[in-house]
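These notes concern the structure reproduced below.
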Amino acid sequence: MTSENSTPLPTWRYILALARYRLPLYLASGFLASIMFYLFPLIPGLIVKQVFDLLADPQFSINNPQSPITTLIWLLIAAAFVRVLVIICASLAETAVHLVVNSLLQRNLLSHVLHQPGARPLPYSPGEAIARFRDDVESIPSFLSWTIDPVGQAIALSIGVIVLARINLYITFAIFLPLALVVIIVNIATKRIRAYRAATQQSIGNVTGLVGELFGAITSVKVANAEQNVVRHLEKLNAARRTATLRDTLFNQFLETVSYNMGNLGTGVLLVAAAGAMSGGQFTVGDFALFVSYIGWLTTITGMFGSFLARYRQVSVSIDRLLVIMQGAPPMKLVEHNPIHLLGPLPDLSQPVKTPADRLNSLEVRHLTYLYPESGRGIRDITFNLQPSTLTVITGRIGSGKTTLLRALLGLLPAEGEIYWNR
């Protein structure tokens, strides 16, 4: 991945730094939402297998006090209850991770912006910068909470394959073959995933940037009688945003559809293969129930892994867009560990001590010049002297340099010339 003003670094470097920021919270979220979440659905299948095998036994009697069917049913209920509890705890942990990482990223972005020269702290309009602060920042913790998912998915898939293979290796291989195609399809679609996500984020920033600029230039628009032109331009940007978002969403939905429907293909293979095995007595009703239970969940896991691969490509786009705001800073400055003060009292802020020397008594300016490098326009050879008890008015048309002069006097632009304070 690359940015305009930083050395390229792989996406995983930023993700790893964010995971280490609140490591216990990240691990708790990963254990609950990424490992236990995937493992618990495997338990009911084992219980259901025992129930069906018990019911298929010719010697089974519901009135037999020694029958374990009641115990199995209670185990099934307990497993469902514990799974709900795990999901609730996982949701709370994930929300905490999102809040912490969002705050850290926005804190680092804002800190960098505030340390830049005040006249030109952003490479974009304020509206587009706000879109990046909001949308691109939000996509990073959303992906971060998925990063331990492949571990849980691998454990669940391994357990599921081992359990099913011990029953019938041939059928297990047959139903997992279509699922392997998901990873291949997502990898082939990598470039298109990144391109569509970049276009969507850029189109959102264009709309937000225009709206932000309009609030600051409403008088100019009214004076120029340009309302209709502005509306048409906004409609054009909205149409581009709609097209880009639709393309991105449609492509992601296509990948998810392929991922999840591969499982339906596996279920069809199971039905065909199991019919012959059951007729030959090599496959019990309980085995069939276990396969049906596992194939649905393992299909979901495979589809989620496909989504994880797609999100990894998408989050790299958001990181690229945020690094551009961090112009001039080291790449890892974006994810630098800093206090965010979400809990407890806020730190005391030191107040500057004013002295008599801070009072402005006179201001002398000689040959002050600053020209913007992009346009060559600005201010040139400005000289004046302001004394106490006098009133000086600086006037001019829009774009004549009034704001540029003020920024140069405040030291917000690297102007040439001489400025004397209380000389």
So [Y] and [X], do their side chains get closer than 4.5 Å, heavy atoms only?
X: Leu144; Y: Val97; value: yes
X: Leu409; Y: Leu368; value: yes
X: Asn238; Y: Arg241; value: yes
X: Lys49; Y: Ile167; value: yes
X: Arg321; Y: Ser318; value: no
X: Val113; Y: Leu109; value: no
X: Arg132; Y: Ile325; value: yes
X: Ser103; Y: Leu342; value: yes

Exercise: identify the closest heavy-atom pair between [X] and [Y]:
X: Thr11; Y: Ser316; value: OG1-CB, 3.1 Å
X: Pro339; Y: Arg107; value: O-NE, 4.0 Å
X: Pro331; Y: Leu9; value: CB-CD1, 3.4 Å
X: His98; Y: Pro141; value: NE2-O, 3.3 Å
X: Trp12; Y: Tyr312; value: N-OH, 3.6 Å
X: Ala79; Y: Ile43; value: CB-CG2, 4.2 Å

**Verdict with supporting geometry, Leu322 and Ile140, side chain to side chain contact (heavy atoms under 4.5 Å, CB included)** = CA-CA 10 Å; Leu322 294 180; Ile140 296 174; 3.6 Å; yes
**Steps toward side chain to side chain contact (heavy atoms under 4.5 Å, CB included) verdict (Phe52, Val48)** = CA-CA 6 Å; Phe52 275 97; Val48 169; 3.4 Å; yes
**Item:** Stepwise side chain to side chain donor-acceptor pair (under 3.5 Å) check, Thr249 with Gln253
**Value:** CA-CA 6 Å; Thr249 303; Gln253 290 296 326; over 6 Å; no
Please check if the side chain of [X] supplies one atom and the backbone of [Y] the other of a donor-acceptor pair under 3.5 Å.
X: Gln106; Y: Phe133; answer: yes
X: Ser91; Y: Ile87; answer: no
X: Asn108; Y: Glu336; answer: yes
X: Lys333; Y: Met326; answer: no
X: Ser203; Y: Thr200; answer: yes

**Item:** Parallel, tilted or perpendicular, as decided by the 30° and 60° cut-offs, for the rings of Tyr196 and Phe251
**Value:** perpendicular
**Message:** Quick check on Glu227: does its CD atom have over 12 non-hydrogen neighbours (other residues, nucleotides or ligands) under 6.0 Å away?
**Reply:** yes
**Item:** Atom NZ of Lys236: over 12 foreign heavy atoms under 6.0 Å
**Value:** no
Sequence neighbours left out, cut at 3.5 Å: what donor-acceptor pairs do the side chains of residues 16-36 make with other protein atoms?
residue : atom : partner : partner atom : Å
Tyr21   : OH   : Asn338  : O            : 2.5
Tyr26   : OH   : Thr147  : OG1          : 2.5
Ser34   : OG   : Asp149  : OD1          : 2.5

**Request:** May I have the step-by-step check of side chain to side chain contact (heavy atoms under 4.5 Å, CB included) for Val324 and Asp320, ending in yes or no?
**Result:** CA-CA 7 Å; Val324 179; Asp320 280 338; 5.9 Å; no
**Prompt:** Roughly how far, to the nearest 0.5 Å, is the CD1 atom of Ile382 from the OG1 atom of Thr404?
**Reply:** 10.5 Å
**Prompt:** Among Leu405, Leu371, Thr369, whose side-chain contact (heavy atoms from CB on, under 4.5 Å) with Ile379 holds?
**Reply:** Leu405
**Single hit among Leu157, Val161, Ile162, Val163 for side-chain contact (heavy atoms from CB on, under 4.5 Å) with Ile159** = Val163
**Request:** Check the pair Tyr372, Tyr370 against ring pair (Phe, Tyr, Trp, His ring centres under 6.0 Å), reporting the backbone distance first and the verdict last.
**Result:** CA-CA 7 Å; Tyr372 290 98; Tyr370 178 78; 5.2 Å; yes
**Item:** Basic-acidic side-chain contact under 4.0 Å: Arg232, Glu235
**Value:** no
